[in-house]
Amino acid sequence: MLARGFADPVHDAQGVFRAVMDALARPGTIQPVATRLAPPAPLTPELAAVALALADSDAPLWLDAGLARDPAVAGFLRFHTGARITDDPAEAAFALVSDAAACPDFAIFANGTPAYPDRSATLVLAVSELGDGPGGWRLEGPGIRGSARLAASPLPADFSARLARNHAGFPQGIDLILAGPGRVAGLPRSTRVTLED
Amino acid sequence: MTTAVAMPETGYNFAYLDEGTKRMIRRAILKAIAIPGYQVPFASREMPMPYGWGTGGVQVTAAILGQDDVLKVIDQGSDDTTNAVSIRAFFARTADVAVTTRTRDATVIQTRHRIPEAPLHEGQVLVYQVPIPEPLRFLEPRETETRQLHALAEYGLMHVKLYEDIARHGHIATTYAYPVEVAGRYVMDPSPTPKFDNPKMDDCPALQLFGAGREKRIYAVPPHTRVRSLDFEDHPFRVQAFDRPCALCGAEGVYLDEVLLDDAGGRMFVCSDTDHCEERRADGHVGAEAAHA
């Protein structure tokens, strides 16, 4: 049977959006999200919540290999969002990545153009650990007072180098939402990311 | 003061806009936050008010508003002018949210052309109503060209404009909609706020969102972002100074409005921010002409 969508489509979507908005506006902060969703695995409740809140027929979704493998995932997302599921990462508004350690190169997604940098993808990565404790990255830039810390795993070993390259292309680039259990954090392209000493 | 303005309307979605429209605006807001100062095009809707009355700000507010928000609306600093009262009533009726006139109690503040005098805090969102979002529009009318100028970060035109001010008047004569550079990249129109308010945008703890309904643009300044007013080394940016305090509450260092008192040239200068003025008077501050209040 098809898993349920938001119990309250209006207010649940608003709550998830505000968490994502605050996460991107204040990189390094952890924003709680209560989803009340039980989507088909490996789609996590947080990935599903971001998709249900923001994707629709104007905003296609791209699924990583793990999510694309089980047709129940695409069925769930299609039914609840009305969004097209695309095989072409370059035309996706949102890319859902269940296996963050195997996150594909950012260059395969839309990075915007010099005149329209907003025509770019937002990647939503499922992570199991997400916090602002030590052992992660040092963040600086818009939305951050001084500097902030963020630690997430699992992620590719060269992820901070990829984030640095993404930032170097500003104003073009992709934006990231890290979705852990019951929480999200944002890494917009405007954030300078360095490995913490 | 938190008051219920009117009975909630039925037959409308929460906060008036349909969910598809909200999602479209929300996606634009997220990209605007990720690219500070860049104007994101969006599919602005017809609203039940004319262009020029804050249709852009209203759409942004409707897209972010939740049940637990406390909304404040100001028009040129005032909570009780027509535009502010109608927009506050609009959301009280279509979203049934709590409304307030107190700056520090609000979580969402929609504003037309002022930034409150009271310092904003981390939990707040300031939503600006913007008539002309393109700072270069009066210098270059073609959208195709201004878009290229932003892409190339080619802002020489704006510096020429400010220089011509100096050549003609001896100083930078631009007093409102004074152009700013956001996070070292995009030049942005702060909306027609007096330049007095420009320093408040720099390193502001609140998130600042800008909505232009007729021009169909949304842009943003995230919290704690560098916002620099354009100037020259030998003509540094300066805000207006007033030579007298508020006539009602005696406040200094605030933006003042001129109020005509009679047909014989009588006038007084009072706080443009009515909430700030009322709170000061409630705290016992008295200005020179408080008897007129």
Side-chain angles (χ1 to χ4, degrees), chain A residues 6 8-27 29 50 52-59 81-83 93-94 112-122 140-148 170-177 186-191, chain B residues 13-15 18-20 22-43 63-69 95 107 122-123 125 144 146-153 182-186 203 205-209 218-227:
Chain A
F6 285 136
D8 182 340
V10 172
H11 300 297
D12 287 358
Q14 190 271 342
V16 172
F17 161 71
R18 273 292 272 275
V20 170
M21 180 181 90
D22 288 340
L24 284 169
R26 301 170 195 277
T29 64
V50 173
L52 265 57
L54 291 164
D56 59 25
S57 53
D58 292 332
T81 67
F94 294 91
T113 65
Y116 291 96
D118 57 303
R119 296 180 180 172
S120 50
T122 303
E140 291 169 295
I144 302 165
R145 185 180 191 177
S147 69
F170 186 91
Q172 287 167 266
I174 55 100
D175 304 302
L176 282 160
I177 299 167
L187 281 175
R189 67 194 77 176
S190 58
T191 303
Chain B
N13 189 27
F14 177 81
D18 64 275
E19 290 302 301
K22 285 186 195 169
R23 274 192 300 273
M24 173 270 295
I25 295 172
R26 287 167 180 169
R27 290 192 297 262
I29 289 172
L30 296 183
K31 287 301 169 192
I33 289 170
I35 316 166
Y38 166 75
Q39 303 162 50
V40 181
F42 81 111
I64 66 172
L65 209 60
Q67 289 168 302
D68 300 330
D69 276 312
T107 56
E122 300 279 346
V125 184
T144 46
T146 53
R147 197 155 273 283
Q148 275 304 312
L149 293 174
H150 283 293
L152 299 168
V182 180
R185 177 58 176 80
Y186 284 97
D203 196 29
L207 169 64
Q208 302 174 74
L209 300 176
I218 286 171
Y219 51 104
V221 176
H224 302 297
T225 297
R226 180 89 176 96
V227 178

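With a threshold of 4.5 angstrom between heavy atoms, A:Ile144 approaches chain B through N, CA, C or O but not through any side-chain atom. Proximity to chain B (any heavy atom under 4.5 Å) is restricted, for A:Ala121, to the backbone atoms N, CA, C and O. Heavy-atom distances place no part of B:Val182 under 4.5 Å from chain A, backbone and side chain included. Heavy atoms of B:Asp68 lying under 4.5 Å from chain A are absent altogether. If you measure heavy-atom distances from B:Arg185 to chain A, the contacts under 4.5 Å come from the side chain alone. A:Phe170 touches chain B through its side chain: at least one heavy atom from C-beta onward sits under 4.5 Å away, while N, CA, C and O do not. With a threshold of 4.5 angstrom between heavy atoms, B:Asp18 does not approach chain A through any atom at all. With a 4.5 angstrom heavy-atom cutoff, A:Ala13 touches chain B via backbone and side-chain atoms both. With a threshold of 4.5 angstrom between heavy atoms, A:Ser57 does not approach chain B through any atom at all.
B:Ile64 is listed as a side-chain neighbour of A:Met21, based on a closest heavy-atom distance under 4.5 Å.
Residue B:Pro222 comes nearest to A:Pro142 through the heavy atom pair CG-CB, 3.9 Å, listed as atom of the first residue, atom of the second, then distance. Closest heavy-atom contact between A:Ala25 and B:Pro223: O-CD, 3.2 Å. In this structure, B:Pro41 and A:Asp118 approach most closely via the heavy-atom pair CD-OD2, 3.7 Å.
The distance from the OG1 atom of A:Thr122 to the NZ atom of B:Lys31 is 3.0 Å, given to the nearest 0.5 Å. Rounded to the nearest 0.5 angstrom, B:Ile33 CD1 and A:Asp175 CG are separated by 10.0 Å.
With chain B as the partner, the residue from A:Gly186, A:Gly15, A:Pro27, A:Gly143 showing the most heavy-atom pairs under 4.5 Å is A:Gly143. With respect to chain A, the highest number of heavy-atom pairs below 4.5 Å among B:Leu152, B:Leu30, B:Ile29 belongs to B:Leu30. Ranked by heavy-atom pairs under 4.5 Å with chain B, the list A:Pro188, A:Pro117, A:Pro9 is led by A:Pro117. Ranked by heavy-atom pairs under 4.5 Å with chain B, the list A:Gly112, A:Ala55, A:Gly82, A:Gly146 is led by A:Ala55. The candidate with the highest count of non-hydrogen atom pairs below 4.5 Å against chain A, out of B:Arg23, B:Lys22, B:Glu122, is B:Arg23.
B:Arg27 places a side-chain N or O within 3.5 Å of a backbone atom of A:Leu54 that can act as its donor or acceptor partner. Under the 3.5 Å distance criterion, the side-chain polar atoms of B:Arg147 are matched with a main-chain donor or acceptor of A:Ala115.
Every residue meeting the side-chain contact (heavy atoms from CB on, under 4.5 Å) condition with B:Ala95, not counting sequence neighbours, appears here in chain and number order: B:Phe14, B:Ala15, B:Leu65, B:Val97. Every ring-ring contact (aromatic ring centres under 6.0 Å, His included) that B:Tyr38 has, sequence neighbours left out, goes to B:Tyr186.
Using a 4.0 Å cut-off between charged nitrogen and carboxylate oxygen, A:Arg18 and B:Asp69 count as a salt-bridge pair.
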